[in-house]
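Both ligands and their constituent atoms are indexed starting at 1 by order of listing. Start at 1 with the first residue, then count along the sequence.
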Amino acid sequence: MRAAIFVGQDQPLSIEDVEAMPPGPSDVVVTVGASGVCHSDLSVIHGYVPLPPPTILGHEGTGVIEEVGPEVVGLKKGDRVIASFTPACGTCFWCLQDQSNLCEQSFAYGMIPRAKRGDGSISSTFTGLGTFSDVMTVNQASVVKVESDLPDEQLALIGCGVTTGVGAALNTARITPGSSVAVIGCGGVGQAVIQGARIAGAGRIIAVDPVELKRKTAEQQGATDLVDPGQGDSVSQVQALTGGRGVDYAFEVIGLPETVVQAYGMARRGGTAVVVGMPRMDSQVTLPGFQLFYDEKKLLGCVYGSAQVKRDFQRLIGLIETGRLDVGSMVSARIGLDDVNDAFRAMEAGEVIRSVIV
Ligand code: APR
Ligand code: ZN
Ligand code: ZN
């Protein structure tokens, strides 16, 4: 099998032939149909999330089951699945509180050896997936069987960006109809937040991004107002659009402490700021202490859109199939595995919403 492997900080991924390790009794082997290139993979390359190399990257993908281990329940060869970058084991404390996005197996599966490289070294996989590959072996808890005729490139994006973004709006924030919303950062995930806000019936949706392509796409996805941080302080611009009050819900979808503080500043008194982006592991966020008390704002963390993947993947498919959620327009480029390093360059250059390896 071929895979794109993280071999060291700020180095290009190494695209190599590797030998798959034999699957365990509760594993499934999946032929990968498509894999999105998400910013979190880039954060690993930059060392913002310390991950020991070698590791096959990619955590947003879909495919078809080729083989199941003897202890696998409810999945069979030929099933169409979407990979879930947090497993949903179904039996841990969190899974039993309907918080499978916090499943206690989250880190464990990323440590499992999955491929042997030509030099004899053993590679694990990012989040227990490693979708930047033509075949992946994963625990059964890391895939969700879905029923759909949608193209792979759309199902792949459900694996991270769509679920994270739409879930942030619907599950984490629970946006109510008529609300005002600001979204800071309109990449793949931010566009999905905008669409989630639209689906929730938000009144005003303010998209904040310095890149014109992102703002234009945001408008197509449902943004009613566009803010360019290059034209002045984002918080002041959002306040000016909301009678000086700020918005009911502000989403940070980049992963920078300064924009987390901006999201907090954009939320109105009594409003809600949601941290959707993944800040680097060693970062700190400083907020004004008095306001934290007096303005009674809510600051919510949001991992994987607070999604319950076994419920939400199929729900999102329903929204796409009925034309309420437009994932097709989020795919800017279809690429081969060999082009993955260029996809990261395009991401950093602001040229794409999502590149998808097909
Ligand atoms: N203000 C507003 N937008 C900004 C700013 C800023 N100061 N700086 C960067 N951006 C925009 C970029 O122009 C880009 O459109 O943020 C967007 C980030 O998008 P992507 O790089 O496509 O990232 P995405 O894959 O959407 O992920 C966003 O969510 O899952 C996490 O780890 C992921 O933290 C990352 C976040
Ligand atoms: Zn992601
Ligand atoms: Zn669990």
[atom]: which of [options] has the nearest heavy atom?
| atom | options | value |
| --- | --- | --- |
| atom 22 (O) of ligand 1 | G187, A218, G350 | G187 |
| atom 1 (N) of ligand 1 | S40, A168, P229 | P229 |
| atom 3 (N) of ligand 1 | G36, P210, C38, A192 | P210 |
| atom 9 (C) of ligand 1 | V275, I254, V193 | I254 |

Between [X] and [Y], is there a side-chain N and carboxylate O pair less than 4.0 Å apart?
| X | Y | value |
| --- | --- | --- |
| E153 | R354 | no |
| D27 | R114 | yes |
| K214 | D209 | no |
| R2 | D338 | yes |
| E66 | K77 | yes |
| E212 | K216 | yes |
| K298 | E296 | no |
| D152 | R80 | yes |

inquiry  = With a heavy-atom distance limit of 4.0 Å, tell me whether R354 approaches ligand 1 through its side chain, its backbone, both, or neither.
reply    = side chain
Could you tell me which atoms of ligand 1, counted from 1 in the order shown, lie closer than 4.0 angstrom to a heavy atom of [X]?
| X | result |
| --- | --- |
| I184 | 1 (N), 2 (C) |
| K214 | 14 (C), 15 (O) |
| G188 | 22 (O), 26 (O) |
| M347 | 21 (O) |
| V211 | 13 (O) |
| C186 | 15 (O), 17 (C) |

key: Flag for S26-Q140: side-chain donor and acceptor within less than 3.5 Å   =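 Note: Q140 and S26 side chains miss the donor-acceptor criterion.
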ask   = Between the side chains of D326 and S329, does any donor sit under 3.5 Å from an acceptor?
value = yes
inquiry  = Can a donor-acceptor pair be found, under 3.5 Å and without considering hydrogens, that links the side chain of E71 to the backbone of G69?
reply    =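 Judged by distance alone, no pair lies under 3.5 Å.
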For [atom], what's the nearest protein heavy atom and its distance?
| atom | answer |
| --- | --- |
| atom 26 (O) of ligand 1 | V189 N, 2.9 Å |
| atom 14 (C) of ligand 1 | D209 OD2, 3.4 Å |
| atom 20 (P) of ligand 1 | H39 ND1, 3.5 Å |
| atom 28 (C) of ligand 1 | V253 O, 3.2 Å |
| atom 7 (N) of ligand 1 | T259 CG2, 3.8 Å |
| atom 29 (O) of ligand 1 | G277 CA, 3.7 Å |

query = Going through the distances and angles, do V135 and V29 end up as a side chain to side chain contact (heavy atoms under 4.5 Å, CB included)?
reply = CA-CA 7 Å; V135 182; V29 180; 3.5 Å; yes
query = Quick one: angle C160 SG - the Zn ion (ligand 2) - H59 NE2, to the nearest 10°?
reply =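 It rounds to 110°.
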query = At the Zn ion (ligand 3), what angle lies between atom SG of C92 and atom SG of C103, rounded to 10 degrees?
reply =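 The two atoms subtend 110° at the Zn ion (ligand 3).
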ask   = Looking at the Zn ion (ligand 2), is one of the N, O or S atoms of H39 less than 2.8 Å from it?
value = no
query = Within less than 4.0 angstrom of ligand 1, does T164 place any heavy atom?
reply =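 T164 does not count as a contact of ligand 1 under the 4.0 Å cut-off.
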request  = Answer with yes or no after comparing the ring centroid distance for Y304 and F85 against a 6.0 Å cut-off, counting only values under it.
outcome  =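 Yes; F85 has its ring centre under 6.0 Å from that of Y304.
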